[in-house]
Amino acid sequence: MTATLIDGKAVAARLKQHLYEQTANLKEAHGLVPGLATVLVGADPASEVYVRNKNKMAQSLGFTSRSHHLSADAREAEVQDVVRALNTDPSIHGILVQMPLPPQIREAAVLDTLDPAKDVDALTAANAGLLLSGRARLVSCTPMGVMLLLKEYVGDIAGQEALVIGRSLLFGKPAAQLLLAANATVTMAHSKSRNLPELCRRADILVAAIGRPQFVQGDWVKPGGVVIDVGINRVQGTDGTSRLVGDVAFSAAAERARAITPVPGGVGAMTIVCLMRNTLIAAMLAAGLDTTLI
Ligand code: NAP
């Protein structure tokens, strides 16, 4: 392997320490304790783990953390009532509704009740619009994690060709906006795009968020390019055990790239810390404080 490994775990650990210190300062100087509330509907085991980890990290940083767990057959109005109550709770600055929601509940209907100032996943239409207008306060966690990794390992990306494969509201669209705001020349690809290998070979920065194991082949990577693998896919090995792989064929890509994120230990490590960062920012904005150091 010739590429530099982009160590998301190390960057995330440093950011976590910074947030811990900033939270302690905030408490001492202003008596302000950031509060994160999670809302989980149903008993999906992966979602339960995600929510537990989010509450645990919030507590480890000195935040107030509250979890609301509704049954899988909860009605949409019940979930909306929980969100509305959290909207008006002054001790809560960030509300995370764990997705996906059960089929009887429309995600958009729940997001439409969420106060954008407490939308720490940045999924509401208001926050998507603010990002588009260049006035974002809260930015989607995984795209923000990617930008922080690029800042650390690449520096200025102005004028570089960036390709984002995937156009989800959660990742692809906000990631493209952030890359554009950083003055990259951005192309977005999706399942209907033609000549994907050719689009990839042009990319100085190739960002894959597809959800297909090892889909991006090594010889699609531009020699000397940077590869950011957002995908998290569980695959079965020949020995019957399972392991996580990304959307990029890692070993072959690492032979051509200048730098590459591993899976696990790359982008994924950043997401939860960026959620904490957003909660701290939301608390500071609510108190009218300057967030530029966060
Ligand atoms: P998603 O909503 O399913 O979107 C997948 C995107 O990939 C869609 O835009 C789809 O295109 C595109 N796509 C599918 N097949 C394709 C193909 N053959 N060629 C080109 N594009 C194709 O997924 P997501 O929520 O963005 O997540 C993507 C991956 O990132 C998943 O593995 C997920 O687990 C991972 N993820 C990781 C984190 C993290 O913390 N690291 C956070 C979020 C997501 P269409 O729009 O045309 O269907």
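Here, residue 1 is the first one in the sequence, and each next residue gets the next number. In each ligand, atom 1 is the first atom listed, and ligand 1 is the first ligand listed.
- Atom 44 (C) of ligand 1 has its nearest heavy-atom neighbour, among Val230, Val216, Leu199, Thr261, in Val230.
- In this structure, atom 18 (N) of ligand 1 lies nearest to the protein heavy atom Phe215 CZ, 3.2 Å.
- Contact annotation for Arg212 and ligand 1: only side-chain heavy atoms (C-beta onward) come within less than 4.0 Å of the ligand.
- Counting protein heavy atoms under 4.0 angstrom from atom 27 (O) of ligand 1 gives zero.
- For Ala189, the closest heavy-atom approach to ligand 1 does not fall below 4.0 Å.
- Between the side chains of Thr142 and Thr271, at least one donor N or O sits under 3.5 Å from an acceptor N or O.
- Remark: the backbone N or O of Gly35 is paired with a side-chain donor or acceptor of His93 at under 3.5 angstrom.
- Of the protein's heavy atoms, Arg167 N, 2.8 Å lies nearest to atom 9 (O) of ligand 1.
- Inclusion of Gly166 in the set of residues having an N or O under 3.5 Å from an N or O of ligand 1 is not warranted.
- None of Val39, Asp44, Leu70, Val110 except one satisfies the side chain to side chain contact (heavy atoms under 4.5 Å, CB included) rule with Leu101; the exception is Val110.
- Among protein heavy atoms, atom 31 (C) of ligand 1 sits closest to Gly211 CA, 3.6 Å.
- Side-chain contact between Asp89 and Arg66: present, with at least one pair of heavy atoms (C-beta onward) separated by less than 4.5 Å.
- Looking from atom 42 (C) of ligand 1 to the surrounding protein, the closest heavy atom is Thr142 OG1, 3.2 Å.
- A salt bridge is absent between Lys118 and Asp115; no separation between the charged side-chain nitrogens and carboxylate oxygens falls under 4.0 Å.
- Among protein heavy atoms, atom 48 (O) of ligand 1 sits closest to Ser191 OG, 3.6 Å.
- In terms of polar-atom proximity, Ser168 is counted as a contact of ligand 1, with an N or O under 3.5 Å from an N or O of the ligand.
- For atom 33 (C) of ligand 1, the closest heavy atom belonging to the protein is Ile232 N, 4.2 Å.
- Under 4.0 angstrom from ligand 1, the non-hydrogen atoms of Ile210 come from both its backbone and its side chain.
- If you check which protein heavy atom lies closest to atom 39 (C) of ligand 1, you get Thr271 OG1, 3.6 Å.
- Side-chain atoms of Arg234 and Ser242 include a donor-acceptor pair closer than 3.5 Å.
- Contact annotation: the side chain of Asp290 never approaches that of Met284 to less than 4.5 Å [non-hydrogen atoms, C-beta and beyond].
- Residues Asn55 and Thr38 bring a donor and an acceptor atom of their side chains to less than 3.5 Å of each other.
- Considering only non-hydrogen protein atoms, atom 20 (C) of ligand 1 sits nearest to His190 O, 3.1 Å.
- A salt bridge links Lys222 and Asp204; the closest N-O separation between the charged side-chain nitrogens and carboxylate oxygens is under 4.0 Å.
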